[in-house]
Protein chains: 2
Amino acid sequence: MMLVEGEPGDGDTATSGPPAPVKASEEEAAERIRSSVRCSGLCTMSSAHSAHLGRVLCIITGASRGFGRTVAREVSGLVKPGSVLVLAARSGDDLRSLQAELTESEAGRAGLRVESVVADMAQMEGIEKVVRSSEEAFSEHIDHLILVNNAASLGDVSRSVKTFTDMAEVDSYLSLNVSSSMCLTARVLQSFPQRPGLRRTIVNVTSLCALQPFRSWVLYCTGKAAREMMFRVLAEEEPDLRVLNYSPGPLDTAMQVEARTRTADDTIRKSFVDMFDQGQLLTCEASCAKLMKLLLEDNYTSGAHIDVYDV
Amino acid sequence: MMLVEGEPGDGDTATSGPPAPVKASEEEAAERIRSSVRCSGLCTMSSAHSAHLGRVLCIITGASRGFGRTVAREVSGLVKPGSVLVLAARSGDDLRSLQAELTESEAGRAGLRVESVVADMAQMEGIEKVVRSSEEAFSEHIDHLILVNNAASLGDVSRSVKTFTDMAEVDSYLSLNVSSSMCLTARVLQSFPQRPGLRRTIVNVTSLCALQPFRSWVLYCTGKAAREMMFRVLAEEEPDLRVLNYSPGPLDTAMQVEARTRTADDTIRKSFVDMFDQGQLLTCEASCAKLMKLLLEDNYTSGAHIDVYDV
């Protein structure tokens with residue numbers, strides 16, 4: 001099973017083909033945003049919107065690769081000293097190299113603590129391990145809890161709905177992609193209940209697939225639709241929380257390689273190839289910069305689906 | 001676990017309170033539609049839109065009670081002799097009494113065959129049992145395959161998202177409500193592939209909860225959103241199929257008793273009580289008449305979400 005993130009495309013490629021030529025200055029704009037908000041973990045100044053995320057405890061799942069890894073890096077540059085990152089993934093090597101990188105970075109030298117938790121989020125034990133590490137790392141000085149539900153898998157895109165006759169396969173997909181993020185979120189909220197002085201932000205890495213059906217992508221679409229609805233219910237139930245369903249756009253990651261090479265439906269697959277050929281994929285950094293902008297400005301509607309192209 | 005159907009309310013009760021006073025003539029109108037289309041299984045005349053569903057093989061899950069039971073009755077009155085109903089549910093007694101009722105009805109006496117399959121749709125064996133019975137009942141004379149994915153459970157509505165820390169509980173809910181209908185549909189499509197002269201219609205009993213979040217209803221909302229997306233992908237993939245996501249409205253069934261008495265959120269619970277007190281719940285018969293109208297007219301967009309109040 002591959003850990004992925006993001007979404008297949010910008011716009012309904014299933015019905016309208018590949019997206020319109022994108023924003024040549026996308027990366028450029030993202031870089032501007034990044035440099036305007038990044039402050040090396042040492043920043044204490046404030047501006048119209050906050051220049052930092054506070055003294056955070058930030059839990060990121062699927063942190064070893066792709067978008068999750070980028071989120072870890074970007075967050076580390078936007079937090080006050082005394083913050084903690086809890087990075088979870090199944091791949092220990094990739095996770096430890098990230099931990100070393102961040103510990104040795106300017107933020108790390110300034111007092112950012114980085115915990116890596118090798119854990120399978122498809123298992124209760126994995127969830128408990130992440131929660132235990134987070135509890136141990138928490139201190140009274142933390143003023144912002146951030147949970148980034150990023151871990152997800154693509155599912156088999158080489159087949160159509162009518163081939164999914166094995167309940168165990170579908171069950172397993174939904175367990176990792178839906179149940180796991182619900183239970184992790186619930187456990188984290190129980191461990192870190194509402195209290196004065198503690199902001200709590202829950203990010204769900206969602207996708208256009210949560211809103212629109214794509215041929216050959218039934219598991220991914222179904223899982224993303226389920227997961228986004230779950231976080232919308234959470235936003236309704238807990239008005240003190242900030243809940244963000246962030247759709248990072250078509251990212252230049254391993255997922256897009258899968259999309260380009262393995263998608264069964266010819267039209268959909270070709271739209272991925274075209275996006276790649278025409279340089280329309282976003283870097284994780286460009287998309288993550290938009291996510292950071294949303295978190296810093298903090299004026300999105302809780303529970304809303306926000307697409308990278310709308311930021 | 002309770003087998004239920006339908007949806008909590010008309011309109012976003014979570015944000016706008018109980019729905020506007022409904023359509024006093026709802027039942028009346030439904031009765032008119034029913035009597036205009038019903039033809040006792042013997043009808044062969046045709047009109048502007050078809051007066052019957054054809055010589056059908058119709059598989060209905062969750063057929064023993066509530067909406068599923070009503071669908072079985074209504075379909076039996078709209079099919080040509082030589083049709084077969086395959087009724088699946090876990091409750092053998094309720095199922096057999098329905099089988100007896102339909103076999104003794106005018107349609108039954110005219111040659112409608114009714115098979116009851118006692119099966120747990122949460123298990124692969126249950127799905128296989130239904131498929132086997134359907135294959136055995138099929139004949140070359142059948143010109144319309146109809147699968148009604150109706151079986152569903154409400155989930156525990158007495159709790160909020162932050163209490164769902166047990167993955168096994170969430171997994172089990174998603175298995176029954178999402179994986180099961182995906183795998184049954186896939187198996188049925190494999191057993192009855194596209195061929196000239198055979199129409200194939202797949203109905204998913206969906207809900208307003210597939211589109212809107214309701215406090216305390218996280219499992220139901222998540223499951224319905226997932227399931228509806230799955231059938232939207234199916235509709236994209238198989239243009240020869242007719243796929244209908246039908247939202248039957250707030251039905252006067254056991255589910256509404258649960259909704260009124262067990263929903264944790266006070267505002268949501270009160271909106272259910274108000275709907276009941278003000279006579280705004282629909283009978284299964286009134287809602288099912290709208291479903292039959294849709295199936296007979298057969299001009300909905302495949303994959304679309306269609307609400308009872310929009311018919």
Side-chain angles (χ1 to χ4, degrees), chain A residues 14-15 122-124 127 131 160-175 178-180 182-190 193 209-238 264-265 268 303, chain B residues 14-15 122-124 127 131 160-175 178-180 182-190 193 209-238 264-265 268 303:
Chain A
T15 57
Q123 306 294 329
M124 245 355 264
I127 290 176
V131 171
S160 60
V161 175
K162 65 172 179 263
T163 70
F164 285 94
T165 54
D166 177 4
M167 274 183 77
E169 178 185 12
V170 184
D171 285 347
S172 162
Y173 184 85
L174 295 175
S175 185
V178 186
S179 310
S180 171
M182 187 182 314
C183 295
L184 173 64
T185 301
R187 280 295 285 112
V188 166
L189 293 177
Q190 286 183 357
C209 289
L211 307 180
Q212 291 182 8
F214 288 82
R215 294 192 292 276
S216 315
W217 283 52
V218 67
L219 289 183
Y220 196 73
C221 290
T222 300
K224 287 295 188 189
R227 195 160 142 159
E228 180 159 320
M229 176 55 83
M230 179 179 88
F231 286 103
R232 290 174 68 196
V233 174
L234 178 67
E236 290 285 332
E237 286 182 354
E238 312 289 340
D265 184 87
I268 304 282
Chain B
T15 58
Q123 307 293 330
M124 244 358 263
I127 290 176
V131 170
S160 60
V161 175
K162 65 172 180 264
T163 70
F164 285 94
T165 54
D166 178 3
M167 274 183 77
E169 178 185 12
V170 183
D171 285 347
S172 160
Y173 184 85
L174 294 175
S175 185
V178 185
S179 310
S180 171
M182 188 182 313
C183 296
L184 173 64
T185 301
R187 280 294 286 113
V188 166
L189 292 176
Q190 286 183 358
C209 289
L211 307 180
Q212 291 182 7
F214 288 83
R215 293 192 294 277
S216 315
W217 284 52
V218 67
L219 289 182
Y220 196 74
C221 290
T222 300
K224 287 294 188 190
R227 194 159 141 161
E228 181 158 319
M229 175 56 82
M230 178 179 90
F231 285 104
R232 290 175 66 197
V233 174
L234 179 67
E236 289 285 332
E237 286 182 353
E238 312 288 341
D265 184 86
I268 305 283

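Within every chain, numbering begins at 1; the chains are lettered A, B, ... in the order of the sequence lines, protein sequences first and strands thereafter.
- Within the 4.5 angstrom heavy-atom criterion, only backbone atoms of B:Gln123 (N, CA, C, O) approach chain A.
- Comparing A:Ala210, A:Ala225, A:Cys183 by how many heavy-atom pairs each has under 4.5 Å with chain B, the most go to A:Cys183.
- Put simply, the side chain of A:Val233 does not reach to within 4.5 Å of the side chain of B:Gln212, judged on heavy atoms.
- Between B:Ser160 and A:Glu238, the shortest heavy-atom contact is OG-OE2, 4.3 Å.
- In terms of heavy-atom proximity, B:Thr165 sits nearest to A:Ala186 at CG2-CB, 3.7 Å.
- When each of B:Val218, B:Leu234, B:Leu189, B:Asp265 is checked for heavy-atom pairs under 4.5 Å with chain A, B:Val218 comes out on top.
- Each of A:Leu211, A:Ile127, A:Thr163 has some count of heavy-atom pairs under 4.5 Å with chain B, and the biggest count is that of A:Leu211.
- The residues A:Glu236 and B:Arg215 are annotated as salt-bridged, a charged nitrogen and a carboxylate oxygen being separated by less than 4.0 angstrom.
- At a 4.5 Å heavy-atom cutoff, A:Leu184 makes no contact with chain B through either its backbone or its side chain.
- Between A:Glu228 atom CD and B:Met229 atom CE the span is 9.0 Å, to the nearest 0.5 Å.
- Here the shortest heavy-atom pairing between A:Ser179 and B:Leu174 reads OG-CD1, 3.6 Å.
- Using a 4.5 Å cut-off between heavy atoms, A:Ser175 touches chain B through backbone and side chain atoms alike.
- The contact between A:Ala122 and chain B is made entirely by backbone atoms, counting heavy-atom distances below 4.5 Å.
- Residues B:Glu237 and A:Val161 share a closest heavy-atom pair of OE1-N, 2.7 Å.
- At a 4.5 Å heavy-atom cutoff, the contact between A:Gln190 and chain B is made by side-chain atoms alone.
- Contact count against chain B (heavy-atom pairs under 4.5 Å) is highest for A:Met167 among A:Met167, A:Glu169, A:Arg187, A:Met124.
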